[in-house]
J.: 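Have a look at this one before I ask anything.
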Amino acid sequence: MWWEQAVIYQVYVRSFQDTNGDGVGDLPGVTRRLEHIAGLGAQAVWLSPIYPSPNADFGYDVSDFCDVEPAFGTLEDLDALVGRAHELDLKVVLDFVPCHTSTQHPWFREHPDYYVWADAPVNNWRAAFGNSSWGRDEQTGRYFLHSFFPEQADLNWRNPEVREQMLGAMRFWVDRGVDGFRLDALDRLMKDPELRDDPPATRPFELPGDAADLELDHIHSRNAPDLGDALQAIRRAVGDVLLIGEVYLPIEEAAPYLETLDVVFNFEELFAVGDAAKLRAAIEAGLRTGGQGWVLSNHDFSRLVTRAGADNARAVELLLLTLPGPVFLFEGDELGFADTPMSGPELDRNHRDPFRVPMVWDSDAAHGGFSTADPWLHPDQAAAEGVAQQSADPTSVLTLTRQAMALRPRLAANETSLIPSAPGTIVLRRGDHIVAVNLGDSPQDAPPVAELVLEARPGDGADLRVIPAHGGWVARAPA
Ligand code: NOJ
Ligand code: CA
């Protein structure tokens, strides 16, 4: 399958490239920059939601599943993007949002039975961004379920009409030539039909979340046992296109989703990059489970450089890019973006603006070459040096990214295993290559290797008998 060892590049459309001078990135901008993505060595591009949206959650509150957000362009622009991507041998993955619609979607008034209603908040379920999952509809005085912002009403997937509508929307895009979907918030797709309370948690949840929500054991508010039926209906509707699940669960609990989906994101890894032991454990569990999408960063959480720490970021990036795929690279990861201090009003109520700042194409151009106009988000400073500047620098993060991605085909067919190593280090064997990184403060012994292939930082491979502090390398294993 094309995606098995793929690097999938995530484009946050609003922040990638503006072409019409309104300060908002658009689809023609993505098309214009596809050569950058192909030139990195990626196999696919994942577009953050492109549908019309009132932007309470910047595209994740959809008001029409079969059209393009006017600020991003038109259906014809999407067709042109898909056509150009395919010419460049890039697949196109759309972000699809099955769990909820905008409360501005016409369905919310015309088909209230598509949603979940009650006369009062009937249970203790919590929304992911805080507060009760029950929102009051001012027009009717009744309450509707929302797992995220109150502008995002949860669809009732137990209503067959809802299913047909959503499956039809996915087929609409497959017919236009898209090669896969990233399915949003899947653990929230199916809930307890009796709407029973979540009981108090008896053990810690491994992933970060809203404090009050973490006190509950989410056995009813999400992840209902018949979820597989819905997933299989999706699979039947779309055929064998790539299905990536955004399942916000620890690795083992997300595993059942892989009965139907091809890939789930490994969120444990994403949150573990600051701690070598935890990161190693997440990789080990992921390799055992299979079907893992390794994520450098995305539009929801702090950037890799911020989570891993500036000291260790290059070593962690090298490690993640050498894992058996698929790997998800978020725009700006290739330049080493860190969370960016912002000026101006906060636009995302869940504080995610610092990870979503515009791409920097050319540090010498106005607004980094992103737009001729004032961009929709206002970073205090450029998130990193631009593509033009880093391309000319053999020691840049961009050069490291390109080199690590170029190496992947040589690693692809090889068996992967973790080799026991000193605390603070992670050593991976991929057939005849050894990847060794050290996130600790002192150099550690390395396993025997033959010859240096790639260094995380210039000089890291000077003495291959050690894995340098905060560094690492890829080398050939002894014959
Ligand atoms: C996960 C998306 O990645 C995030 O950006 C969004 O806010 C929620 N799902 C709700 O759709
Ligand atoms: Ca624009």
Side-chain angles (χ1 to χ4, degrees), residues 1 3-10 43-44 46 93 180 182-183 186-187 204-209 223 231 242-298 300-302 304 307-308 312-313 315-330 333 404-405 407-408 411-421 423-431 433-437 439 472 474:
M1 292 299 215
W3 46 265
E4 278 173 19
Q5 302 302 328
V7 173
I8 300 179
Y9 185 98
Q10 180 189 355
Q43 283 70 40
W46 146 28
V93 173
R182 176 260 189 200
L183 297 169
L186 273 187
D187 48 297
F205 186 67
E206 284 89 337
L207 306 175
N223 208 14
L231 296 183
L242 172 62
L243 291 179
I244 304 155
E246 193 222 11
V247 181
Y248 196 70
L249 292 173
I251 296 165
E252 269 163 29
E253 289 174 50
Y257 291 72
L258 289 166
E259 285 170 24
T260 313
L261 307 178
D262 300 300
V263 179
V264 292
F265 295 126
N266 186 318
F267 281 111
E268 281 185 53
E269 165 258 292
L270 187 138
F271 294 112
V273 294
D275 178 323
K278 283 190 184 157
L279 179 56
R280 190 181 196 283
I283 292 173
E284 195 166 34
L287 292 175
R288 200 167 51 234
T289 306
Q292 302 296 298
W294 310 103
V295 184
L296 273 79
S297 297
N298 68 27
D300 287 331
F301 303 107
S302 267
L304 175 74
R307 276 177 289 114
N312 285 331
V316 172
E317 182 186 337
L318 179 66
L319 174 69
L320 295 181
L321 284 174
T322 52
L323 288 172
V327 178
F328 292 83
L329 199 69
F330 183 34
D333 280 341
M405 286 171 68
L407 195 59
R408 288 178 60 78
L411 307 173
N414 294 331
E415 286 275 296
T416 304
S417 56
L418 283 160
I419 298 176
S421 61
T425 68
I426 301 174
V427 180
L428 190 75
R429 187 178 180 115
R430 296 215 53 196
H433 285 75
I434 303 281
V435 183
V437 300
L439 309 187
V474 183

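All values reported here derive from a predicted model rather than from experimental measurement.
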J.: I'd like to check Gln43 versus Val7 (side-chain heavy atoms, cut-off strictly below 4.5 Å). Are they in contact?
T.: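 A side-chain contact exists here, since the closest heavy-atom pair is under 4.5 Å.
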
J.: Between atom CG of Asn298 and atom CH2 of Trp46, what is the distance when rounded to the nearest 0.5 Å?
T.: 5.5 Å

J.: Any side-chain heavy-atom pair from Val327 and Arg408 closer than 4.5 angstrom?
T.: yes

J.: State, to 0.1 Å, how close Asn266 and Gly286 come at their nearest heavy-atom pair, and which atoms those are.
T.: ND2-CA, 3.9 Å

J.: If you compare all heavy atoms of Val263 against all heavy atoms of Gln292, which two are closest, and at what distance to 0.1 Å?
T.: CG1-C, 3.9 Å

J.: Does any part of the side chain of Met405, heavy atoms only, come nearer than 4.5 Å to the side chain of Leu329, both counted from C-beta?
T.: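 SC-SC contact between Leu329 and Met405 confirmed.
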
J.: Is it true that Glu252 and Arg288 make a salt bridge, defined as a side-chain N closer than 4.0 Å to a carboxylate O?
T.: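 Result for this pair is yes, salt bridge flagged.
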
J.: Test side chain to side chain contact (heavy atoms under 4.5 Å, CB included) on Glu269 and Leu323 and set out the steps.
T.: CA-CA 12 Å; Glu269 165 258 292; Leu323 288 172; 5.6 Å; no

J.: Do the side chains of Tyr257 and Leu249 get nearer than 4.5 Å, heavy atoms only?
T.: yes

J.: Examine distances only and state if a side-chain atom of Arg430 and a backbone atom of Ser417 form a donor-acceptor pair shorter than 3.5 Å.
T.: no

J.: Glu246 versus Phe267: any side-chain heavy-atom pair under 4.5 Å?
T.: yes

J.: Keeping the roles fixed (side chain from Arg307, backbone from Leu270), state whether a donor-acceptor pair exists under 3.5 Å.
T.: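 Yes.
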
J.: Rounded to the nearest 0.5 Å, what's the gap from OG1 on Thr289 to CD1 on Ile251? Could you check?
T.: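 With rounding to 0.5 Å, OG1 (Thr289) is 6.0 Å from CD1 (Ile251).
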
J.: Are any of the side-chain heavy atoms of Ile434 and Val427 separated by less than 4.5 Å?
T.: yes

J.: At their closest point, which heavy atom of Glu317 faces which heavy atom of Leu296, and how far apart are they?
T.: CG-CD2, 3.6 Å

J.: As an exercise, state the distance from CG of Leu261 to CG of Leu231, rounded to the nearest 0.5 Å.
T.: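 CG of Leu231 is found 5.0 Å from CG of Leu261.
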
J.: Write down the atom of Val474, the atom of His433, and the distance for their closest heavy-atom approach.
T.: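 The pair with the smallest heavy-atom distance is CG1-CD2, 3.9 Å.
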
J.: Output, in order, the C-alpha distance, side-chain angles, deciding distance and verdict of side chain to side chain contact (heavy atoms under 4.5 Å, CB included) for Leu319 and Val273.
T.: CA-CA 10 Å; Leu319 174 69; Val273 294; over 6 Å; no

J.: Nearest 0.5 angstrom please: Leu287 CG to Leu428 CG, how far?
T.: 7.0 Å

J.: I need the Arg182 CZ to Phe265 CZ distance, nearest 0.5 Å.
T.: 5.5 Å

J.: After noting the C-alpha distance and the side-chain angles of Ile426 and Leu418, does the key distance pass the side chain to side chain contact (heavy atoms under 4.5 Å, CB included) rule?
T.: CA-CA 8 Å; Ile426 301 174; Leu418 283 160; 3.8 Å; yes

J.: Rounded to the nearest 0.5 Å, what separates atom CZ in Phe328 from atom OH in Tyr9?
T.: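 One gets 14.5 Å once the value is rounded to the nearest 0.5 Å.
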
J.: At their closest point, which heavy atom of Leu258 faces which heavy atom of Gly291, and how far apart are they?
T.: CD2-O, 3.7 Å

J.: Got a donor-acceptor contact below 3.5 angstrom from the Asp262 side chain to the Leu243 backbone?
T.: yes

J.: Only distances under 3.5 Å count here; give the side-chain donor-acceptor pairs of residues 274-283 to other protein atoms, sequence neighbours excluded, each with its distance to 0.1 Å.
T.:
unit_1: Asp275; atom_1: OD1; unit_2: Ala277; atom_2: N; d: 3.0
unit_1: Asp275; atom_1: OD1; unit_2: Lys278; atom_2: N; d: 3.1
unit_1: Arg280; atom_1: NH2; unit_2: Ile419; atom_2: O; d: 3.1

J.: Give the intermediate values and the outcome of side-chain hydrogen bond (donor to acceptor under 3.5 Å, both in side chains) for residues Tyr248 and Asn223.
T.: CA-CA 10 Å; Tyr248 196 70; Asn223 208 14; over 6 Å; no

J.: Which heavy atom in Leu407 sits nearest to a heavy atom in Thr322, and how many Å separate them?
T.: CD2-CG2, 4.5 Å

